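A short write-up of the structure that comes next.
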Number of protein chains: 2
Amino acid sequence: MRKNVLDPACPSRVVLNRIGDKWTLLIVIALSDGVHRFSELRERVGEVTPKVLTQTLRGLERDGLVDRTVYAVVPPKVEYRLTDLGRSLLEPIAAVKDWAERNADAMLEARERADAEA
Amino acid sequence: MRKNVLDPACPSRVVLNRIGDKWTLLIVIALSDGVHRFSELRERVGEVTPKVLTQTLRGLERDGLVDRTVYAVVPPKVEYRLTDLGRSLLEPIAAVKDWAERNADAMLEARERADAEA
DNA sequence: CGGTATCCACTGAGATACTG
DNA sequence: CAGTATCTCAGTGGATACCG
């Protein structure tokens with residue numbers, strides 16, 4: 001039987017849960033152009049706190065989307081990069097991102113119009 | 001200047017917020033094959049409560065992604081359908097959905113492996 | 001049928017401070 | 001540098017019951 005996101009028991013629901021948190025998409029996008037260190041990600045992804053960044057990265061790692069490499073040096077150095085699975089997610093995500101960047105204004109206008117007549 | 005989701009001030013962030021809630025994606029997908037009534041959506045989208053369904057639909061309506069048509073009949077009849085903007089969102093969303101349905105298992109396996117060694 | 005109303009619980013997320 | 005440790009809180013979502 002075909003998978004169906006609309007079915008709550010379907011595993012594909014967990015994917016949407018992962019994607020559906022506030023930072024995951026952003027971080028995957030931030031990693032789309034290659035390897036980055038913790039503090040680089042912190043800069044690139046606006047306003048994310050270290051705690052949340054850690055949480056999200058751990059979640060991505062757990063799900064096999066991100067690879068974490070620790071170098072035994074002082075000061076510490078840790079690199080994050082997308083796995084193959086993570087990179088494969090990039091494509092659909094890029095589509096969403098493009099849509100977002102192209103249609104955000106239209107959405108905002110619709111919202112203002114709706115709010116105005118209320 | 002190019003839009004950039006990573007910038008917290010960028011309007012495209014609001015798009016991700018909309019998409020990033022628990023039910024929006026699911027409901028848009030449920031509406032992808034045409035017009036549906038409230039109770040049809042309730043059935044199709046597993047485990048959604050009426051309150052949350054209403055909330056989400058109102059949000060989608062506000063943002064110009066969904067159209068709501070009320071028929072003045074007894075018993076009441078209300079139809080929901082995607083707007084043009086909403087339909088345009090369908091494409092990127094379908095990409096995500098497909099990815100989810102194809103890779104959910106791989107993700108779950110990675111997760112189990114990660115949890116096992118902990 | 002298509003919702004509201006009410007109340008509650010939980011988690012995601014933020015602020016701040018600290019450490020190996 | 002790359003995180004942890006606490007604490008706190010708001011918002012999102014859920015259960016249940018009821019209404020036009």
Side-chain angles (χ1 to χ4, degrees), chain A residues 5-9 13-28 30-31 35-63 66-81 111 118, chain B residues 5-6 8-9 13-28 30-31 35-63 66-81 111 114 118:
Chain A
V5 268
L6 298 182
D7 178 358
R13 272 277 184 111
V14 310
V15 174
L16 295 191
N17 279 343
R18 172 130 289 318
I19 287 174
D21 82 32
K22 193 169 175 186
W23 298 103
T24 295
L25 274 186
L26 264 10
I27 288 171
V28 171
L31 283 171
V35 181
H36 290 286
R37 304 180 60 171
F38 190 85
S39 29
E40 288 171 349
L41 290 173
R42 240 184 116 172
E43 278 174 49
R44 288 165 66 90
V45 181
E47 322 249 271
V48 65
T49 61
K51 190 191 96 174
V52 171
L53 181 54
T54 302
Q55 274 179 13
T56 310
L57 285 167
R58 292 286 189 276
L60 286 167
E61 206 191 342
R62 178 177 179 233
D63 286 342
V66 159
D67 231 32
R68 179 168 176 270
T69 315
V70 183
Y71 297 92
V73 296
V74 183
K77 180 178 174 185
V78 179
E79 286 179 347
Y80 294 92
R81 83 196 66 217
R111 182 178 292 192
Chain B
V5 268
L6 298 182
R13 272 278 183 106
V14 311
V15 175
L16 294 190
N17 278 343
R18 171 126 297 311
I19 287 175
D21 81 32
K22 194 169 175 185
W23 299 104
T24 295
L25 273 186
L26 265 11
I27 289 172
V28 172
L31 284 170
V35 181
H36 290 286
R37 304 180 60 171
F38 190 84
S39 30
E40 287 170 350
L41 291 173
R42 242 184 116 170
E43 278 175 47
R44 288 166 67 91
V45 181
E47 321 248 271
V48 65
T49 61
K51 189 190 94 173
V52 172
L53 182 53
T54 302
Q55 274 178 11
T56 310
L57 285 168
R58 293 286 189 275
L60 286 167
E61 206 190 343
R62 179 178 180 235
D63 287 342
V66 159
D67 230 35
R68 179 168 175 269
T69 313
V70 184
Y71 297 91
V73 297
V74 183
K77 182 178 174 184
V78 179
E79 286 180 347
Y80 294 93
R81 83 196 66 218
R111 183 179 290 193

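Here is how names work: the chains are called A, B, and so on, in the same order as the sequence lines, proteins then strands, and each is numbered from 1. Just so we're clear, the structure is a prediction, and the values are computed from it rather than from any experiment. Just so it is clear, the values below take in all heavy atoms, side chains as well, and ignore hydrogens, waters and symmetry mates.
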Starting at [atom1] of [X] and ending at [atom2] of [N], how long is that distance when rounded to a whole Å?
| X | N | atom1 | atom2 | result |
| --- | --- | --- | --- | --- |
| B:Arg18 | D:dG11 | CZ | P | 16 Å |
| B:Glu47 | D:dG14 | CD | P | 9 Å |
| B:Glu43 | C:dG3 | CD | C1' | 16 Å |
| B:Arg42 | D:dG13 | CZ | C1' | 15 Å |
| A:Glu61 | D:dG3 | CD | C1' | 13 Å |
| A:Glu79 | D:dA2 | CD | P | 9 Å |
| B:Asp21 | C:dC10 | CG | C1' | 17 Å |
| B:Leu26 | D:dG13 | CG | P | 12 Å |

Open item on the list: Restricting to non-hydrogen atoms, name the atom on A:Arg44 and the atom on A:Ala30 that form the minimum distance, rounded to 0.1 Å.
Closed with: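 Result for this residue pair: NH2-O, 3.1 Å.
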Open item on the list: On a heavy-atom basis, which atom in A:Val48 and which in A:Val45 lie closest, and how many Å separate them?
Closed with: CG1-O, 3.4 Å
Task: Verdict with reasoning, A:Arg13 to A:Asp7, per side-chain contact (heavy atoms from CB on, under 4.5 Å) - done: CA-CA 8 Å; A:Arg13 272 277 184 111; A:Asp7 178 358; over 6 Å; no
Side chain of [X] only, please: which of [options] is the nearest?
| X | options | value |
| --- | --- | --- |
| A:Pro76 | C:dG20, C:dG3, C:dG14 | C:dG20 |
| B:Trp23 | C:dG14, D:dG14, D:dC1 | D:dG14 |
| A:Thr49 | D:dG14, C:dA15, D:dA2 | C:dA15 |
| B:Lys22 | D:dA2, D:dG13, C:dA13 | D:dG13 |

- [ ] Applying side chain to side chain contact (heavy atoms under 4.5 Å, CB included) between A:Tyr80 and each of A:Leu41, A:Leu53, A:Ile27, A:Asp67, report the one that passes.
- [x]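 The side chain to side chain contact (heavy atoms under 4.5 Å, CB included) with A:Tyr80 is passed solely by A:Leu41 among A:Leu41, A:Leu53, A:Ile27, A:Asp67.
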Open item on the list: Distance check, rounded to the nearest 0.5 Å: A:Ile19 atom CD1 versus B:Leu16 atom CG?
Closed with: 11.0 Å
Tell me whether the OP1 or OP2 atom of [N] has a side-chain N or O from [X] closer than 4.0 Å.
| X | N | result |
| --- | --- | --- |
| A:Arg37 | D:dA2 | yes |
| B:Ser39 | C:dG2 | yes |
| A:Lys51 | C:dT16 | no |
| A:Arg68 | D:dG3 | yes |
| B:Arg58 | C:dG3 | yes |
| B:Tyr80 | C:dC1 | no |

Open item on the list: With a 3.5 Å cut-off and heavy atoms only, can you find an N or O donor on one side and an acceptor on the other between the side chain of B:Lys77 and the base of C:dG2?
Closed with: no
